[in-house]
Number of protein chains: 2
Amino acid sequence: MRERHRHNQCIKNALEKAERVCAEKSLRLTPTRRKVLELIWQSHKPIKAYDLLNQLSSDEHIEKPPTVYRALDFLLKNHLIHKIASHNAYVGCEVNHDEMDSKFFICDQCAEVKEVCEPKLDRSLLEASKKQGFIPNQTTIEIHGTCAKCAR
Amino acid sequence: MRERHRHNQCIKNALEKAERVCAEKSLRLTPTRRKVLELIWQSHKPIKAYDLLNQLSSDEHIEKPPTVYRALDFLLKNHLIHKIASHNAYVGCEVNHDEMDSKFFICDQCAEVKEVCEPKLDRSLLEASKKQGFIPNQTTIEIHGTCAKCAR
DNA sequence: GTATAGAATGTTATATTATAACAGTTTATC
DNA sequence: GATAAACTGTTATAATATAACATTCTATAC
């Protein structure tokens, strides 16, 4: 735990950002949406839709899939979370999406995901696209391997 | 159709490559595996597992999911096909996998996928990884957009 | 040529991921 | 307070994928 970052701060930042974004765009961060975002931000590991569903449910009340998928759709559409396609799982968005699409480093040891912006990589992607005469719109860049922490 | 490439040749090449690879590694390209590979190569569009299953089935005999998933596993493991994670669908492998991982350009108009090797892009990916202290193992690079043909 | 082990296939069942469709409720605005 | 749009509840089902175990096939050793 020694080197662990102050994760509470991540959660707090994420929720604040969400409130700001929603306020700016007149969107409603309803209790379910907020709760789902908070659950996703419990870690930097992608979480599955049905795990969220279980965590949303209590002994008294079991939530149904559309509840969580609707919240996920909202959060995805507004760039507050991302879907990791290679895992069918969801992580909080760590970057500013004025920039280009995200790239993800996914540790196969500890499962943590690091989202990065890499203008150089963007340029390479654009260049490669141009070479194909391809007009890129949205990218899925997921790099699996071993993170710095686990490599030590 | 005027500019259409000779797709029969693609299928033929793919099957020949598969036979060669299997011969070299003492693997068995059994009838089901061969048939699945052939069905996947009917086009350059990713095909879904259950579509393959339907095409494998006849009025007399309906195949079951494990049949197709086992064939897919075999073909994936031996780099004869790839899974497009963002679509849960499968395409034939067009490149030589002595090289690094594949990158896919996926046209959202016509659905065709072009697999490319881009050493420059590989270098950018490696560089970005190094910057994170990340040791890359396997990448999912899927660029969605509009292909040259559809852009015209 | 037969015994044998490993690979491949058949079969049933079920797990996992995601959406459709429609009814009811809440919210913002007029 | 009426209204429309957004949001939520609920039931059902679609789409994707695997587990587990029985059976058959194939290559090799004897």
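In what follows, chains are A, B, ... by sequence order, proteins preceding strands, each numbered from 1.
- Among residues two or more places apart in sequence or in another chain, the side-chain contact (heavy atoms from CB on, under 4.5 Å) test is passed with A/Ser58 by A/Glu60, A/His61.
- Aromatic pair A/His82/A/Phe104: centroids less than 6.0 angstrom apart.
- Put simply, B/Thr30 has a side-chain N or O that comes within less than 4.0 Å of OP1 or OP2 on C/dT9.
- The salt bridge (charged side-chain N to carboxylate O under 4.0 Å, His left out) analysis of residues 63-92 of chain A, with sequence neighbours excluded, yields no pairs.
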Is there a salt bridge (Lys or Arg N to Asp or Glu O under 4.0 Å) between B/Lys103 and B/Glu142? Walk through the geometry before answering. CA-CA 6 Å; B/Lys103 292 110 201 120; B/Glu142 301 174 3; over 6 Å; no

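- The distance between atom CG of B/Leu53 and atom P of D/dA14, rounded to the nearest whole Å, is 16 Å.
- Atom-to-atom, NZ of B/Lys35 to C1' of C/dT9 comes out at 18 Å; the value is rounded to the nearest Å.
- One atom, NE2 of B/His61, and another, P of C/dG10, lie 6 Å apart when rounded to the nearest Å.
- Residue B/Lys64 has no polar side-chain atom (N or O) positioned under 4.0 Å from OP1 or OP2 of C/dG10.
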Between B/Gln55 and B/Asp51, does a side-chain hydrogen bond (donor to acceptor under 3.5 Å, both in side chains) hold up when you go through it step by step? CA-CA 6 Å; B/Gln55 295 196 38; B/Asp51 291 340; over 6 Å; no

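- For the pair A/Glu63 CD and D/dT11 C1', the computed distance is 15 Å after rounding to whole Å.
- With D/dG9, C/dT11, C/dT9 as the candidates, the nucleotide lying closest to the side chain of B/Arg33 is C/dT9.
- Here B/Arg28 lies in heavy-atom contact (under 4.0 Å) with sugar-phosphate atoms only.
- When the P atom of D/dG9 is taken as reference, atom CG of A/Leu56 falls 11 Å away, rounded to whole Å.
- B/Ile47 has its CD1 atom 15 Å from the P atom of D/dA15, to the nearest Å.
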Could you write nucleotides 14-19 of chain C as a row of B, S and -, 5' to 3', where a protein heavy atom under 4.0 Å of any base atom gives B, of only sugar-phosphate atoms gives S, and otherwise -? ---BBB

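- B/Arg70 places its CZ atom 18 Å from the P atom of C/dG6, with the value rounded to the nearest Å.
- Contact check on A/Glu118 versus A/Arg123 returns no salt bridge, with no Lys/Arg side-chain nitrogen under 4.0 Å from an Asp/Glu carboxylate oxygen.
- Counting heavy atoms of neighbouring residues, nucleotides and ligands inside a 6.0 Å radius, atom NZ of B/Lys17 exceeds 12 of them.
- Regarding B/Ile84, its CD1 atom lies at a distance of 15 Å from the P atom of D/dT16, rounded to whole Å.
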